[in-house]
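Down below is the structure, laid out as structure tokens.
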Amino acid sequence: MNIEVNEHTAAPQREVFADKDTLTGTVASKLLQVLRRTIEADSSAHVSLTGGGAGIGTLSAVAEMLRENAETQLDWSAVHFWWGDERLLPAHDPERNDQQARSALLDFLVAEHDLPDENIHAAPTSEDAANPTAAAQIYAQQLQAFSAEEGVVVPGSQKVLRLPVFAVMLLGVGPDGHINSLFPGKSSLAVSEVTTVGEEDSPKPPPQRVSMTFDAIHTAQRVWTVVAGEDKAEAVRLAFEPGTPTADIPAKNARGASETIWHIDQPAAAGLA
């Protein structure tokens, strides 16, 4: 399988932090700044969240900042939250990314900062969809409902997707180099011209998932990875090696239309030159 990196997207930059807390605190602060600027410019902002320790840690850091500093406030009624991938599990299952995000930040925003619950766009549950393919179709329809009429062009192509323009897409990276639920060697890596794809047999349990595609990722204005821990060091190193195939390390193709930044703690960056 030959999956080319989209060279028409922003080349990756990297920022290395001493530890996970510094990493997540910095990304949280940057996220608040971008959301505020985007709302001022466009009246609304869409952000795609990720699970994992660093991704959820970033949301917890946002909540802490809001509790401690009134100057960090923004119009949360104008913010829409999505997910790059989700586990096809029952609603309220603690393994779902949306439930972890709610516990870390979103329920707090609904209760204390006027975030409308309908601005939380959770991917389908196992009650909503019988299988990952059906879940992907449902989620694609949800994304399409918030697309501009003309759609969004995938950089460097004639492909037009129907989805919101994400101000920021947060991505975690697994020890195997996966992003979202796009895993090494899987056929989902080659799915093109659609926003979502189902995964029936994830190598990381649970096996059934729904994920945004590479094409969808590339339409985001900013793609920010948040990567922490020495178990990620080899995947990070390989992602920055010119000869690494994307089919082996999907994170290599985690790139945004205008900005791509890898936020990495020191243990995860140990293999970088």
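For clarity, every value in this text was computed on a predicted model and none was experimentally measured.
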If you measure only the distance, is there a donor-acceptor pair under 3.5 Å linking the side chains of [X] and [Y]?
X: Ser77; Y: Asp75; result: yes
X: Thr260; Y: Arg255; result: no
X: Glu4; Y: Asn2; result: yes
X: Lys186; Y: His178; result: no
X: Asp98; Y: His121; result: no

Side chain proximity check, Thr246 to Leu189, heavy atoms < 4.5 angstrom: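 Side-chain contact under 4.5 Å: no.
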
Electrostatic pair [X]-[Y], nearest N-O below 4.0 angstrom:
X: Glu95; Y: Arg87; value: yes
X: Lys20; Y: Asp265; value: no
X: Asp42; Y: Arg37; value: no

Geometric cation-pi criterion Arg67 and Phe108, 6.0 Å radius, 45° cone: yes

Donor-acceptor pair, [X] side chain versus [Y] backbone, under 3.5 Å?
X: Ser157; Y: Val153; value: no
X: Thr196; Y: Ser211; value: no
X: Thr225; Y: Val227; value: no

Mind checking whether [X] and [Y] have parallel, tilted or perpendicular rings, split at 30° and 60°?
X: His263; Y: Phe17; answer: parallel
X: His46; Y: His80; answer: parallel
X: Tyr139; Y: Trp82; answer: tilted

Pairwise distance CG(Asp176) to CD(Glu234) - rounded to 0.5 angstrom: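 Rounded to the nearest 0.5 Å, the CG-CD separation comes out at 12.0 Å.
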
Rounded distance (nearest 0.5 Å) linking atom OG of Ser188 with atom CG of Asp85: 10.5 Å

